[in-house]
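So the structure is just underneath, and the comments pick up after that.
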Amino acid sequence: MSTLRFHAIKDSFNRPVIEVKEPERRSSIFGKNVFNEAAMRQYLTKDSYKSVMDAIENGSKIDRDVADHISTGMKEWAISKGATHYTHWFQPLTGSTAEKHDAFFETTGDGTSIEKFGGGQLVQQEPDASSFPNGGIRNTFEARGYTAWDPTSPAFIFGTTLCIPTVFVSYTGEALDNKTPLLRALQSIDHAATAVAKYFDKSVTKVNPTLGWEQEYFLIDKALAKSRPDISLAGRTLLGHASAKGQQLDDHYFGSIPTRVVNYMRDLETECMYLGIPVKTRHNEVAPNQFELAPIFEETNLAVDHNSLLMDVMSKVADRHDFIVLFHEKPFAGINGSGKHNNWSLATNTGVNLLGPGSTPMKNLQFLTFFINTIKAVNDYEELLRAAIASASNDHRLGANEAPPAIISVFIGSQLTQVLDELEKVTDGKLSPEEKTDLKLNVVGKIPEILLDNTDRNRTSPFAFTGNKFEFRAVGSTANCAKPMTVLNAIVARQLIEFKEQVDKLITDKKMKKDDAIFNILREYIKDSKRIRFEGDGYGEAWEKEAKKRGLSNNKTTPTALKAQVSKRTVALYEDLDIMSKVEIEARHEIEVEEYALRIQIEGRVLGDIARNHVIPTAIRYQNILIENVQGIKDIYGKDFKKLAGEQMALIEQISEHIAKINKGITDMINERKKANTITDVEKRAAAYCDKVKPYFEEIRYHCDKLELLVDDEIWPLTKYRELLFTK
Ligand code: ADP
Ligand code: MG
């Protein structure tokens with residue numbers, strides 16, 4: 001990590017505080033450590049530069065000898081910035097990022113050495129990757145996968161290492177990472193959306209999906225966090241009684257940011273500037289010690305990489321400020337969890353946001369086309385969208401009693417609802433000139449004003465239209481955005497392909513005019529996708545009942561939710577669009593199901609350990625203090641001792657009851673774990689962990705938390721919620 005931009009001072013508790021020295025203008029450092037267009041122009045020959053740009057813009061292949069030139073330029077640039085190593089940087093199915101650093105340095109054989117980095121090393125590498133999850137795609141005898149350069153996401157320097165974003169695939173061509181299917185989905189939607197956009201503007205030749213994520217997180221004092229085995233090993237608290245004060249006063253949200261945290265944020269943002277991550281917004285979130293960071297939106301592949309990189313940078317920078325970042329969706333019971341809203345839209349190469357209002361009725365019909373097609377896609381694949389955000393940690397948010405429900409629905413606001421209601425009434429077949437004029441003036445024509453004034457917000461909706469983009473809010477804070485973005489772009493791509501076919505058919509078979517045909521198809525889509533639209537309170541019980549009537553899925557746990565990933569429809573969707581083969585789909589499904597079981601297993605073990613080896617012994621110690629006290633009272637007061645020691649004796653009994661319940665809970669949980677471990681079918685094993693093992697967590701926790709309230713604070717071994725959440 002680049003250093004010396006900060007120096008350590010001490011705060012009033014004599015703790016080191018990092019004060020960040022910022023440049024006068026952040027724009028002066030933006031992208032300094034990125035091999036971007038400016039750097040390429042300086043370090044590459046004209047031909048090499050053109051070749052990279054062509055690969056970025058049109059997906060063309062880069063010749064091997066050109067790659068040699070590019071790698072030389074890239075190396076010179078990197079060394080000029082102080083880099084000593086390079087790595088292929090990729091996103092295996094663990095969800096995080098992976099890297100293996102190699103030095104540029106090489107010996108020449110005659111006792112001297114040089115810095116070397118050839119085209120071969122840029123384009124392809126073979127990490128010994130047999131221990132990355134692969135869902136059985138690579139048998140151990142051919143445990144070879146390779147990483148291949150993705151020129152659409154620029155190389156960057158982090159610390160002293162040149163990082164080259166790559167895909168990770170097996171030798172037989174199957175995707176072993178999150179990026180490969182994403183790139184394929186982005187290509188699909190580019191083709192599908194471009195074809196549809198041409199109805200409205202022939203000059204459109206490319207459509208880029210855009211993504212602006214909002215990352216929520218908790219920032220906890222490092223020493224305090226490290227004192228808790230559950231936070232260290234599971235990323236969340238598995239027990240801990242609520243603090244007397246939590247978030248009930250709503251005094252944290254958008255409040256003034258504590259100095260120590262501001263210092264962290266400034267340091268982090270400076271790092272982001274160098275890395276070209278365009279972070280823009282920072283504020284307090286609802287829960288104590290919870291914060292949010294959001295960038296300016298970018299093209300989706302880059303935005304996904306930037307989010308993965310950011311999460312890594314956040315943890316590293318936190319370390320030097322003596323903080324730990326918790327990305328977990330629900331690190332503390334009883335207060336808000338964290339999400340990662342994925343704001344999504346489609347942008348044309350001509351600079352038009354397809355989900356934004358236009359200046360002419362035709363442009364607004366274009367908006368309606370993409371808007372309604374997206375709603376239809378979500379309607380048809382709501383269950384797959386739910387699967388894309390399923391994880392053991394996000395289960396604590398979805399379907400729990402706060403934050404978006406496990407039911408996917410779309411919120412569009414009352415004014416756009418009216419527009420769709422009007423469109424639903426358009427004539428079946430050719431539209432009369434009067435009807436068209438009316439539509440132009442009173443429905444389509446009104447859209448710009450409506451969208452300008454889009455103050456209609458519904459915080460309870462998992463998928464909301466917010467003026468010029470959709471906001472997928474149910475995504476978890478730990479998620480790699482590639483997964484939800486692959487699904488969303490794939491389902492909208494499929495939908496747009498179908499739309500185009502249907503419209504073209506009306507034009508050729510029924511001799512309809514283009515806009516008549518579009519109105520006709522959109523009308524049918526509005527009718528077909530009504531069930532997915534919901535404007536009410538998504539957290540309420542009434543909605544659960546209503547959604548059931550509408551036939552919407554409500555998969556509350558990960559093992560049930562994930563099933564949609566391997567359904568026949570999903571396989572057909574991905575195969576038709578060339579996004580994933582059946583083998584790839586099933587392999588990644590297996591990995592995710594397995595990961596779920598492993599996470600619950602880890603949590604179960606940690607909880608058992610803390611409860612048995614920390615909580616129970618402490619409770620016994622306190623009980624012994626009480627027993628000594630009762631004995632002493634008895635020694636002094638003789639047979640009247642009960643009058644004075646009655647409360648203490650009641651406490652002694654209560655403690656014993658809680659200890660008994662905890663101990664039994666742990667024993668039963670371990671037995672269920674043992675049973676689950678013998679199940680060979682991964683799906684059934686995950687279900688057993690979910691339905692048989694996990695339910696003990698609550699029971700064990702309840703009694704531990706009761707003991708926390710009874711036992712002397714002096715001897716309680718675990719840092720409490722109030723300390724974790726209110727230490728600034
Ligand atoms: P909030 O949802 O908190 O009210 P904003 O509406 O200001 O915040 O925007 C949230 C995020 O939406 C930002 O990260 C922003 O970059 C992103 N965003 C804005 N326009 C688009 C777009 N066309 N495509 C994708 N993301 C967008
Ligand atoms: Mg938002």
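Computed from a predicted structure; not experimentally measured. One-based numbering, in listed order, for ligands and for the atoms of each.
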Discussion item. Taking E382 first and then R386, would you say they form a salt bridge - that is, a charged N and a carboxylate O separated by under 4.0 Å?
Written reply: no
Discussion item. Quick check on contacts: which atoms of ligand 1 are under 4.0 angstrom from a heavy atom of S345?
Written reply: 22 (C), 23 (N), 24 (N)
Discussion item. Just verifying a value: how many Å separate E214 CD and L293 CG, rounded to the nearest 0.5 Å?
Written reply: 10.0 Å
Fill in: P295 N/O to ligand 1 N/O under 3.5 Å
yes
Practice prompt. Heavy-atom contacts with N353 under 4.0 Å: which atoms of ligand 1 show up? List them by number with element.
Written response: 23 (N)
Discussion item. Could you check whether any side-chain heavy atom of F463 comes within less than 4.5 Å of a side-chain heavy atom of L385, counting everything from C-beta outward?
Written reply: yes
Worksheet item: Counting from 1, what ligand 1 atoms have a heavy atom of G212 closer than 4.0 Å?
Response: 14 (O), 25 (C), 26 (N)
Worksheet, complete the sentence: Within 4.0 Å of some non-hydrogen atom of K469, the atoms of ligand 1 are 6 (O), 9 (O), 12 (O), 18 (N), 19 (C), 20 (N), 21 (C), 27 (C)
Worksheet entry | N343 contact mode with ligand 1 (heavy-atom cut-off under 4.0 Å) | both
Worksheet entry | ligand 1 contacted by T466 (non-hydrogen, < 4.0 Å) | no
Worksheet item: Using the ring of each side chain (for Trp, its six-membered ring), is F323 parallel, tilted or perpendicular to Y264, with breaks at 30° and 60°?
Response: perpendicular
Discussion item. Heavy atoms only, cut-off 4.0 Å: how does E471 contact ligand 1, side chain, backbone, both, or neither?
Written reply: side chain
Practice prompt. Mark yes or no for whether N458, through its side chain, and E535, through its backbone, hold a donor-acceptor pair below 3.5 Å.
Written response: yes
Fill in: N or O pair under 3.5 Å between R459 and ligand 1
no
Discussion item. Pairs of nitrogen or oxygen atoms closer than 3.5 Å, one from L211 and one from ligand 1: do any exist?
Written reply: no
Fill in: Main-chain N/O of F327 paired with S477 side-chain donor or acceptor, under 3.5 Å
yes
Worksheet item: Parallel, tilted or perpendicular: which describes the rings of F470 and F371, with under 30° parallel and over 60° perpendicular?
Response: parallel
Fill in: Side-chain (E299) to main-chain (N301) donor-acceptor, under 3.5 angstrom
yes
Practice prompt. State whether the shortest distance between N or O atoms of E214 and N or O atoms of ligand 1 falls below 3.5 angstrom.
Written response: yes
Fill in: Close-contact set for ligand 1 against I296 heavy atoms, below 4.0 Å
16 (O)
